[in-house]
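Down below is the structure, laid out as structure tokens.
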There are 2 protein chains.
Amino acid sequence: MTPRGPASAAGAQVGADPGARAAPRRQERGRRRAESILDAAEAAIDEIGYDGVTTNLIATRAGISPGSLYQYFANKQAIAEALATRYLRYLDRHGGSGDVAVASGAHGAAGRARGEILPAGLATRPTAEIIDWVVDPVIELNVAHPAAKALLAGSNVSPELAHATRALHAAICDPVDALIAAIAPQRAADACHLAANVSFQIFTGVLPGIVAAAPTERPAVIRELKAALCGYWETLRPAAGQPAAE
Amino acid sequence: MTPRGPASAAGAQVGADPGARAAPRRQERGRRRAESILDAAEAAIDEIGYDGVTTNLIATRAGISPGSLYQYFANKQAIAEALATRYLRYLDRHGGSGDVAVASGAHGAAGRARGEILPAGLATRPTAEIIDWVVDPVIELNVAHPAAKALLAGSNVSPELAHATRALHAAICDPVDALIAAIAPQRAADACHLAANVSFQIFTGVLPGIVAAAPTERPAVIRELKAALCGYWETLRPAAGQPAAE
DNA sequence: ACAGAATACGAGCGATTGCTCGCATTAGTC
DNA sequence: GACTAATGCGAGCAATCGCTCGTATTCTGT
């Protein structure tokens with residue numbers, strides 16, 4: 001209301017509530033602010049999409065002013081990058097794909113980590129089991145954080161956003177690439193890359209439907225996705241008796 | 001250059017070139033203008049995406065002024081709708097899916113046209129052949145008109161755009177639904193709908209990769225997509241000797 | 001030749017965007 | 001209590017958006 005003097009009403013009571021927090025620790029509080037900004041951005045992106053989301057809206061949702069937001073994130077893209085690394089950590093903590101090629105940093109991860117870091121013997125398991133191992137953690141991530149799919153659907157987004165999420169892409173694609181190379185040893189490396197990319201695109205294509213589905217119907221959608229991937233990967237395996245000629 | 005007087009240079013020669021066009025017919029020229037606007041919009045959407053595209057940019061690309069654009073299209077969404085119906089006509093002219101449920105108008109098409117309008121005996125052909133019949137025309141459309149995929153990727157777009165492209169979605173999904181119902185008679189209608197939607201999402205997921213691929217590598221990507229769909233649809237068919245219990 | 005409709009223009013409107021700036025408040029340290 | 005740095009504010013800027021408006025030009029019909 002008053003042009004400048006935001007603490008005229010609320011600020012007068014600050015400090016009168018010391019029992020709420022034992023040791024607020026200023027930088028600790030700042031880190032919490034950044035997290036709450038990411039939470040607000042996550043919810044907003046999930047509802048409106050990255051392009052449609054406004055920094056002012058994120059700030060309002062987080063209960064802060066636009067100026068405060070820019071004390072924690074240099075610009076809108078930085079928020080997306082922070083979300084991407086947050087999801088990367090999520091995949092790192094949980095099992096499945098993501099804990100393979102994440103490792104150190106963003107770039108350079110594509111090309112290393114081909115097979116040896118995968119769980120021993122995973123490639124010899126039934127195809128359905130391999131797919132569970134790859135797919136389940138990423139679905140879990142997207143159900144818990146529905147905005148993740150906005151960062152994973154790399155196509156039809158601005159190039160800056162694509163750059164911000166390259167590491168996230170690689171963390172999912174690289175293990176898939178390695179797995180395909182393991183179960184389809186007759187395929188050339190290029191063909192394995194192609195199959196991994198197509199598999200990833202199939203996954204991200206169905207993802208929004210999975211996240212949007214009602215919890216009771218979600219398993220059915222996931223089952224369809226896995227059936228498709230399973231049917232696809234089965235065709236990648238070398239033919240039993242005769243090598244494929246055509 | 002001059003604020004008002006656009007014909008100062010070019011307009012002086014109008015009428016001095018009667019040999020170029022026999023009967024220009026004013027309304028004919030207007031229709032051509034509208035088509036050229038759609039052409040410009042198509043190219044722009046392909047490069048920047050629907051949300052990123054500006055009406056002023058479309059006008060500039062079409063070589064007209066912003067005001068002229070709004071004599072042919074009421075607003076930005078109307079351009080998308082006109083593009084969608086243009087693609088609908090494309091699918092209608094060419095074979096394959098699209099010439100089934102298009103018929104009269106937008107709404108109401110979902111639910112009718114279940115099976116009987118499909119080519120006789122198509123469902124009894126090999127799965128790969130069925131998929132060719134469904135997939136090839138739509139890929140052809142998207143290769144010829146790369147902006148179509150922006151209208152097909154229904155998710156992560158604004159609701160207005162989704163509404164403008166519902167008919168296009170239905171024209172592709174409905175025949176798929178009917179085909180799945182034909183090759184998987186043991187599945188309930190709901191399950192067929194689900195499989196059709198998942199198949200559609202798989203298709204639109206891989207589509208950008210197909211369109212973006214170099215022409216020499218495009219067949220390989222298409223082959224992977226078809227392998228995935230084929231492997232998926234094979235699992236939909238009733239088991240040979242025993243009905244599926246689990 | 002002339003009226004009226006269709007076509008065309010482009011400056012600029014109102015709204016919105018990502019982001020800045022100057023300043024107020026608070027926490028931590030002495 | 002005084003000083004500093006971290007944190008916080010919110011009005012508002014510069015740019016951009018979709019779109020309008022008043023006006024100029026061209027075509028068609030008569």
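Since this is a predicted model, take the numbers as computed values, not measurements. By convention in this document, chain letters (A, B, ...) are assigned in the order of the sequence lines, proteins followed by strands, and residues within each chain are numbered from 1.
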Any protein N or O atoms within reach of nucleotides 13-16 of chain C? Criterion: under 3.5 Å, listing atom names and distances.
none

(message) Looking only at the side chain of A/T55 (C-beta and beyond, no hydrogens), which of the listed nucleotides C/dT20, C/dG18, D/dG18 gets closest?
(response) C/dG18
(request) Measure from CZ on B/R31 to P on C/dA8 and round the result to the nearest Å. (result) 13 Å
(message) Regarding A/D46 and A/K149, does a basic nitrogen lie under 4.0 Å from an acidic carboxylate oxygen?
(response) yes
(request) Search all heavy atoms of B/P137 against all heavy atoms of B/L91 and return the closest pair with its distance. (result) O-CD2, 4.0 Å
(request) Flag the pair B/R61 and B/E47 as a salt bridge only when some basic side-chain nitrogen lies within less than 4.0 angstrom of an acidic carboxylate oxygen. (result) yes
(request) Identify, residue by residue, the members of residues 69-79 of chain A with a heavy atom below 4.0 Å from DNA chain C, and return them in order of residue number, or none. (result) A/Y70, A/N75, A/K76
(message) Using the side-chain heavy atoms of B/I64, tell me which of these nucleotides is nearest: C/dC9, C/dT7, C/dG12.
(response) C/dC9
(request) Measure from the side chain of A/R33, starting at C-beta and using heavy atoms only, and say which of D/dG8, C/dC9, D/dC9 lies closest. (result) D/dG8
(request) Please check if any side-chain donor atom of B/E42 sits under 3.5 Å from a side-chain acceptor atom of B/Y87, or the reverse. (result) yes
(request) With the side chain counted from C-beta on, respond yes when A/L57 and A/I48 share a heavy-atom pair under 4.5 Å apart, and no when they do not. (result) yes
(message) Using a strict threshold of under 4.0 Å (side-chain N to carboxylate O), is an ion pair present between B/D136 and B/K226?
(response) yes
(message) Are the side chains of B/L141 and B/H94 in contact, using a 4.5 Å heavy-atom criterion?
(response) no
(message) Can you tell me whether the side chain of B/N56 and the base of D/dC17 have a donor-acceptor pair closer than 3.5 Å?
(response) no
N/O donor-acceptor pairs under 3.5 Å from side chains in residues 214-221 of chain A, not counting sequence neighbours:
unit_1, atom_1, unit_2, atom_2, d
A/R218, NE, A/I210, O, 3.0
A/R218, NH2, A/V211, O, 3.3
A/R218, NH2, A/A213, O, 3.1

(request) Check whether any side-chain N or O of B/K76 sits under 3.5 Å from a backbone N or O of B/V53 as a donor-acceptor pair, and report yes or no. (result) yes
(request) Using atom CG of B/D51 as one end and atom C1' of C/dG18 as the other, report the distance to the nearest whole Å. (result) 17 Å
(request) Could you tell me whether the phosphate oxygens of C/dT7, OP1 or OP2, come under 4.0 Å of any side-chain nitrogen or oxygen in B/S68? (result) no
(message) Rounded to whole Å, please give me the gap between CG in B/L57 and P in D/dC19.
(response) 14 Å
